[in-house]
Amino acid sequence: MDCIFCKIANGDIPSTTVYEDDDFRVIMDINPANLGHCLILPKTHAANIYDISEELTGKAFTLAKKIAKAVQKSTDCDGVNILQNNGEAAGQTVFHFHIHVIPRLKDDDVKMSFGSFKTDSESIAAIGEKIKNSL
Ligand code: AMP
Ligand code: ZN
């Protein structure tokens, strides 16, 4: 399979690596939203959160906490976004599961806001029920 993050995670393509263990490589994003933007890459391929194992998902988010703390300490940022995109509609451009750790400053130019969807309390309750029954 021709997956760039598989190649990076497994060391076949060089990257600026800040952390590595048996399951993950954490690299600096090549086109960062802010200075200090890191990406957590599992070494085994999974396209997205639907495909990755629960065990690796848990490890990935535990690692996100560790990286977030290191990013905060090293950049002295005011906040950190943990972002994980699934599917083109959600902004995913590389189809190998990854978690973004993005340092934020009070007046930076990073756009991460979303508008509010026009709906009503019945629709919210109905979709909530549907989600509950899909678990
Ligand atoms: P996403 O839009 O969630 O799929 O994020 C993909 C991210 O991967 C973007 O932030 C890109 O800047 C980053 N990216 C793509 N190619 C590379 C690469 N070769 N090395 C480091 N980061 C990359
Ligand atoms: Zn891959």
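Atoms within a ligand are numbered from 1 in the order they appear, just like the ligands themselves.
For the atom pair CD1 of Ile102 and SG of Cys38, the computed distance is 10.0 Å after rounding to the nearest 0.5 Å.
Without hydrogens or angle criteria, Arg25 side chain to Ala9 main chain gives a donor-acceptor distance under 3.5 Å.
For ligand 1, the 4.0 Å heavy-atom shell contains residues Ile4, Phe5, Ile8, Ile27, Met28, Asp29, Ile30, Asn31, Leu39, Asn85, Gly91, Gln92, Thr93, Val94, His98, His100.
Within 6.0 Å of atom CG in Asp109, 12 or fewer heavy atoms from other residues, nucleotides or ligands are found, so the atom counts as exposed in its surroundings. Under a cut-off of 6.0 angstrom, the local environment of CG in Leu35 is sparse, with at most 12 non-hydrogen atoms contributed by other residues, nucleotides or ligands.
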Working for salt bridge (Lys or Arg N to Asp or Glu O under 4.0 Å), residues Asp23 and Lys43: CA-CA 5 Å; Asp23 297 316; Lys43 290 186 174 179; over 6 Å; no
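As for His96, its N/O/S atom nearest the Zn ion (ligand 2) is the one called ND1. The closest approach of His45 to the Zn ion (ligand 2), by N/O/S atoms, is made by ND1.
Taking the six-membered ring where the residue is Trp, the centroids of His96 and His98 are separated by 6.0 Å or more.
Contacts classified as side-chain hydrogen bond (donor to acceptor under 3.5 Å, both in side chains) and involving residues 4-15 (residues at least two apart or in different chains) are given here: Asp2-Lys7, Ser15-Thr17.
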